Peer 1: 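The following block contains the structure, expressed as structure tokens.
Here the structure is a predicted model, which is why all the values come from computation and not from measurement. What you see below is based on every heavy atom in this structure, not just the backbone, and it leaves out hydrogens, waters and symmetry mates.
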Amino acid sequence: MVYAIDLLGQGQSWPTQVQCQASGPLCYSADTWTEQLFHFIEEKIGQPVYIAGNSLGGFLACNLAAKHPDAVKGLVLLNATPFWSSRPPAGQEGLLWKLLPSTVPVPKVVKATIERYWWDKIRNPETIRGLLQLVYARPSTIDDSLLERIVQATQHPEALDAFTSIVLAPKTQLSFDEMLAAVSCPVCLAYGRDDPWVVPLWGQRLKRTLPQAQYLELAPAGHCPHHEAPTAINSIIGSWVSAVEAGRHQELELTQVGAATSYEEADGQVVTVSCLEGAPRNVFEKWDNAKWQLNKAWQQALQRAAGTRSSGATSA
């Protein structure tokens, strides 16, 4: 059984005014969406699940696995965004942020500003098409039905309030690095190589942090590989989940470093899936890797120093 969930305030998932009044102030934040996923699993499925998440969905999947490990059997991350929001986490905001609450109903002045200067522009079908063309390696997969579904969500009576709340929403209580450190389930990374937003560098970072994860790159594919290359992604997820269930995902041929598997999509496009060790390939990736290694060494040195001081205090 496969479930595709619209996050609250997106797609066709919208709370009613009665529900909002009954549950208290609503904030369309990443932590809210994470709890939505958890409660769906708990109340509708009733057992641990495998979660595949793209972009924000990958971020939420990691947050869910970190906060509710018993609910997650495995993660498939598709170009997971490594950050969300610029506002400090709830309870850590300064005075200025407190003057701009992120709960619905949102501040009228912020809502009015967005509505006046940006709302109609950002939900214009041609604007949406242009943004998608920036991040899709295969623009031919951007069809009218996709645009219609996106535009339809913006026409909901509560859409502007939801968008404003998202703009003002706080960061998650856990940082992305803290989420990854808490993930204990098997992980498969399936990243579109040609994504200009979540570039391969970010996939390499995840691979370094989660060395037991399988790191796959799809080409040609951009930010949304599940939409650009559904045949390849469906095969990856199906094969990987079956292998995890059998306790043999580390032996899966598809996920052996150096393996390259080709899939033909419905339009005839051949997509190649390469399993990589995540090593840096260009100067930017090498610089990022060096910085990551230095930071790791520094953190280990601090931990050793703290341990030495603790040991000395105990001996005394």
Side-chain angles (χ1 to χ4, degrees), residues 1-7 9-13 33 50-61 75-82 84 120-156 159 163 166 188-204 206 214-241 254-255 259-276:
M1 182 72 71
V2 177
Y3 296 90
I5 303 174
D6 282 346
L7 299 175
Q10 302 184 38
Q12 299 183 50
S13 289
W33 290 322
Y50 292 93
I51 297 198
N54 169 239
S55 192
L56 169 61
F59 182 89
L60 298 179
L75 298 177
V76 180
L77 304 181
L78 312 173
N79 294 65
T81 183
W84 188 256
D120 287 335
K121 294 179 181 177
I122 61 179
R123 63 178 181 160
N124 181 286
E126 290 310 308
T127 301
I128 296 171
R129 184 186 296 275
L131 287 172
L132 293 176
Q133 288 176 339
L134 288 176
V135 298
Y136 272 53
R138 301 180 57 211
S140 61
T141 58
I142 305 171
D143 54 23
D144 290 339
S145 64
L146 173 62
L147 295 175
E148 288 171 4
R149 290 197 300 273
I150 296 174
V151 171
Q152 183 181 23
T154 70
Q155 295 171 341
H156 190 280
F163 181 81
I166 291 170
C188 178
L189 310 171
Y191 279 51
R193 185 196 63 187
D194 308 307
D195 185 354
W197 286 353
V198 184
V199 295
L201 177 151
W202 293 107
Q204 293 168 14
L206 263 69
Q214 289 77 43
Y215 177 46
L216 307 175
E217 275 191 1
L218 290 81
H223 187 63
C224 302
H226 60 299
H227 188 226
E228 297 180 77
T231 300
I233 289 296
N234 286 339
S235 180
I236 290 169
I237 294 175
S239 299
W240 185 79
V241 168
L254 173 70
T255 60
T261 309
S262 296
Y263 298 89
E264 183 174 350
E265 299 297 329
D267 62 357
Q269 174 69 58
V270 175
V271 174
T272 300
V273 178
S274 302
C275 183
L276 307 175

Peer 1: Within a reach of under 6.0 Å around CD of Q12, are more than 12 heavy atoms found that belong to other residues, nucleotides or ligands?
Peer 2: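 Counting neighbours around CD of Q12, 12 or fewer heavy atoms of other residues, nucleotides or ligands fall under 6.0 Å, so no.
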Peer 1: Could you grab the distance from atom CG of L78 to atom CG of L216, nearest 0.5 Å is fine?
Peer 2: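 That separation rounds to 10.0 Å.
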Peer 1: Main chain of E228, side chain of T141: is a donor-acceptor contact present, judged purely on distance under 3.5 Å?
Peer 2: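 Not at all, since once roles are kept as given, no pair shorter than 3.5 Å links the two residues.
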Peer 1: Within the side chain of D194, is there an N or O that forms a donor-acceptor pair under 3.5 Å with the backbone of P220?
Peer 2: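 Side chain of D194 to backbone of P220: no pair is present.
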Peer 1: So, does E265 use its side chain to make a donor-acceptor pair with the main chain of A232 at under 3.5 Å?
Peer 2: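 Yes, because the side chain of E265 sits within donor-acceptor range (under 3.5 Å) of the backbone of A232.
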Peer 1: Can you measure from CG (D143) to CZ (R149) and round to the nearest 0.5 angstrom?
Peer 2: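 Going from CG on D143 over to CZ on R149, the span is 7.0 Å.
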Peer 1: Test your reading of the model: is there a side-chain donor-acceptor pair from R123 to the backbone of T154, 3.5 Å cut-off?
Peer 2: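 Between the backbone of T154 and the side chain of R123 there is a qualifying donor-acceptor contact (under 3.5 Å).
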Peer 1: Between atom CG of L276 and atom OH of Y191, what is the distance when rounded to the nearest 0.5 Å?
Peer 2: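 Rounded to the nearest 0.5 Å, the CG-OH separation comes to 13.0 Å.
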Peer 1: With no hydrogens and no angle check, is any side-chain donor or acceptor of N54 less than 3.5 Å from a backbone partner on C224?
Peer 2: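 No, the answer is negative, given that no donor and acceptor are paired below the 3.5 Å cut-off.
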Peer 1: Once you round to the nearest 0.5 Å, how far does CD1 of I150 lie from CG of L132?
Peer 2: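 Reported value, rounded in 0.5 Å steps: 5.0 Å.
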Peer 1: Taking Y263's backbone N and O only, do any of them form a donor-acceptor pair with T231's side chain (distance below 3.5 Å, no angle check)?
Peer 2: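 Not confirmed, T231 side chain does not pair with Y263 backbone.
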Peer 1: Could you walk me through whether W202 and D195 pass side chain to side chain contact (heavy atoms under 4.5 Å, CB included), step by step?
Peer 2: CA-CA 11 Å; W202 293 107; D195 185 354; over 6 Å; no
Peer 1: Rounded to the nearest 0.5 Å, how far does CG of L189 lie from OG1 of T255?
Peer 2: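 T255 atom OG1 to L189 atom CG measures 11.5 Å (nearest 0.5 Å).
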